[in-house]
Amino acid sequence: MLSAIPVFYSQKMVADVNSFSPSTGKPEFVVESWRGLGIPLAVQDVEPASNELLCLAHNPDYVKRIFAGQEINGFKNKRVDLAETCRYTVAGMRDAGMEALRNGRVAVAPVAGFHHARYAKSAGFCTFNGLIIAARALKNAGRVNSIGIVDCDFHYGDGTASLIELLELGSWLKHYTLGEQLYIVPEKSEELFDYLPQVLDSMSGCDLILYAAGADPHINDPLGGFLTTEQLLRRDELVFSRCAELGVPVAWNLAGGYQRDEAHGIRPVLDIHDNTMRACAASHIAR
């Protein structure tokens, strides 16, 4: 068991963007909220990802154009400062994977904005696909033979799926995306707890699982809508406890979440991410 949860965070992950999605500012708010939970955290800095690293999943010309302010990013603008924050979100995911492998249990990058990004195209608040980049970086470093991606964001991880096919990664990279079940409704929400254990068991031979712990499946999310707060906590408890039982380390991130409170703050989203950290600590922190 760990004495503290490793958290890979840099203030340079954060940008001020007036957007429906709060993901660019979320790392700072989430880490601040986690620090109030009484859970021991080992917060570690992140070095920026190079263009070479980003090209593990993306067209080199696309990468260059993003940083030159010539290409639309995931937020439908060409802001170079916003693009630069992506170097830290992607590197944070890679570093969390490295650390989870090192300690044999878990690590987290408090970031979002990955699974819609394609080879040469941004989409859905996603500019670079940090899931694929992290997986390929770890594979190329000889740290893993196989990796599982468990994407529990509400939306289909279409960018991840397209990159696995395009780059021919399917022989060693297993991918589950909740968003493929497009007709999930509240009346069928308990079905998740029947098939998610099967998904995790199918990845028992993997060296690492990358877990996107999305807050947007919440029943009140404007872009989601089928799980209660209690069910989302059960989801997270299931993922962390099952992976611990299987002996598979987990590197996780925040993924989506779009609820707002009356003051237009993201406290409802932070409450969900707090519960994910609680579930993580329950399975991995020594008591």
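If you read the sequence from its start, that first residue is 1, and numbering goes on from there.
Checked by atom type and distance alone, the side chain of Thr177 never pairs as donor or acceptor with a backbone atom of Tyr156 at under 3.5 Å. With Arg94 contributing its side chain and Leu53 its backbone, the two residues share no donor-acceptor pair below 3.5 Å. A donor-acceptor contact shorter than 3.5 Å is absent between the side chain of His273 and the backbone of Pro110. Remark: side-chain polar atoms of Trp252 are not paired, donor with acceptor, to backbone N or O of Met277 under 3.5 angstrom. When atom types are taken as modelled, the side chain of Arg242 and the backbone of Gln198 share no donor-acceptor pair closer than 3.5 angstrom. One N or O on the side chain of Thr127 and one on the backbone of Gly74 form a donor-acceptor pair closer than 3.5 Å. The main-chain N or O of Ser202 is found under 3.5 Å from a side-chain atom of Lys174 such that the two form a donor-acceptor pair. No donor-acceptor pair closer than 3.5 Å links the side chain of Lys64 to the backbone N or O of Asn51. For Asp207 (side chain) and Asn145 (main-chain N/O), a donor-acceptor pair under 3.5 Å exists by modelled atom type. Put simply, the side chain of Arg65 gets close to the backbone of Gln70: a donor and an acceptor are under 3.5 Å apart.
Glu165 CD: 12 or fewer foreign heavy atoms inside a 6.0 Å radius. In this structure, Asp194 places its CG atom where more than 12 heavy-atom neighbours from other residues, nucleotides or ligands lie under 6.0 Å away.
Side chains of Phe29 and Val269 form no contact here, defined as non-hydrogen atoms less than 4.5 Å apart. For the pair Pro217 and Arg235, the minimum side-chain heavy-atom distance is below 4.5 Å. When side chains are defined from C-beta on, Ile272 counts as touching Gln259, because their heavy atoms get closer than 4.5 Å. Counting heavy atoms from C-beta outward, Asn103 and Pro6 have side chains that approach closer than 4.5 Å. Contact annotation: the side chain of Ser122 approaches that of Ile72 to within less than 4.5 Å [non-hydrogen atoms, C-beta and beyond]. Considering only heavy atoms from C-beta on, Leu169 stays 4.5 Å or farther from Leu163 through its side chain. Ile147 places none of its side-chain heavy atoms less than 4.5 Å from the side chain of Cys206. Proximity of Tyr119 to Ser162: side-chain heavy atoms (C-beta onward) are nowhere separated by under 4.5 Å.
A distance of 10.0 Å separates CZ in Phe114 from OG1 in Thr160, rounded to the nearest 0.5 Å. Distance check, rounded to the nearest 0.5 Å: CD1 of Ile5 to CD1 of Ile39 gives 7.5 Å. Of the inter-residue distances, the one linking Leu223 atom CG with Asp216 atom CG reads 7.0 Å to the nearest 0.5 angstrom. For the atom pair CG (Leu54) and CD1 (Ile132), the distance works out to 13.5 Å, reported to the nearest 0.5 Å. Distance OG1/Thr89 to CG/Asn253: 9.5 Å, rounded to 0.5 Å. Note that CD1 of Ile66 is 5.5 Å distant from CG of Asn73, once rounded to the nearest 0.5 Å.
Electrostatic pairing of Glu99 and Arg102 counts as a salt bridge here, judged by a charged N lying under 4.0 Å from a carboxylate O. The pair Arg234-Glu237 fails the salt-bridge criterion, with no side-chain N (NZ, NE, NH1 or NH2) lying under 4.0 Å from an Asp/Glu carboxylate O. Between Arg267 and Asp274 a salt bridge is recorded (basic side-chain N to carboxylate O distance below 4.0 Å).
Hydrophobic cluster membership is shared by Leu166 and Leu56, with clusters built from Ile, Leu, Val, Met, Phe, Trp and Tyr side chains linked at under 4.5 angstrom. A single hydrophobic cluster is not seen to contain both Tyr258 and Leu232; linkage of ILVMFWY side chains at heavy-atom distances under 4.5 Å, directly or through other members, places them apart. Neither Leu233 nor Val30 shares a network with the other; the hydrophobic side chains, linked directly or stepwise wherever heavy atoms of I, L, V, M, F, W or Y lie under 4.5 Å apart, form separate groups for each. Residues Met93 and Leu167 share a single hydrophobic cluster, defined by chaining ILVMFWY side chains whose heavy atoms lie under 4.5 Å apart. The cluster map of Ile, Leu, Val, Met, Phe, Trp and Tyr, joined by side-chain heavy atoms under 4.5 Å apart, puts Val80 and Val17 in different clusters.
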Given the rule in the side-chain contact (heavy atoms from CB on, under 4.5 Å) test, do Ile133 and His58 qualify, once you have shown the distances and angles that lead to the verdict?
CA-CA 9 Å; Ile133 294 166; His58 298 285; 4.0 Å; yes
Please lay out, stage by stage, how His115 and Leu131 fare under the test side-chain contact (heavy atoms from CB on, under 4.5 Å).
CA-CA 7 Å; His115 74 165; Leu131 298 170; 4.2 Å; yes
Given the rule in the side-chain contact (heavy atoms from CB on, under 4.5 Å) test, do Thr85 and Thr24 qualify, once you have shown the distances and angles that lead to the verdict?
CA-CA 8 Å; Thr85 68; Thr24 59; 5.6 Å; no
Where do Tyr88 and Val14 land on the side-chain contact (heavy atoms from CB on, under 4.5 Å) test, with the steps shown first?
CA-CA 9 Å; Tyr88 295 87; Val14 179; over 6 Å; no
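Side-chain contact, Asp271 with Asn275: no donor N or O sits under 3.5 Å from an acceptor N or O. No side-chain donor-acceptor contact under 3.5 Å links Asn129 and Arg118.
Of all non-hydrogen atoms in Ala244 and Arg105, the two that sit nearest each other are CB-NH2, 3.9 Å. Pro249 and Ala100 get closest at one heavy-atom pair: CB-O, 3.4 Å. Nearest heavy-atom pair across Val90 and Gly130 is CG2-CA, 4.1 Å. Ala215 approaches Gly257 most closely through the heavy-atom pair CB-CA, 4.0 Å. Looking at every heavy atom in both residues, Gly157 comes nearest to Asp151 through CA-OD2, 3.8 Å. Between Cys152 and Leu196, the shortest heavy-atom distance links the atoms SG-CD1, 4.5 Å.
The aromatic rings of Phe154 and Phe226 sit tilted relative to each other, their planes meeting at an angle between 30° and 60°.
Here Phe75 and Phe125 bring their ring centres to under 6.0 angstrom of each other.
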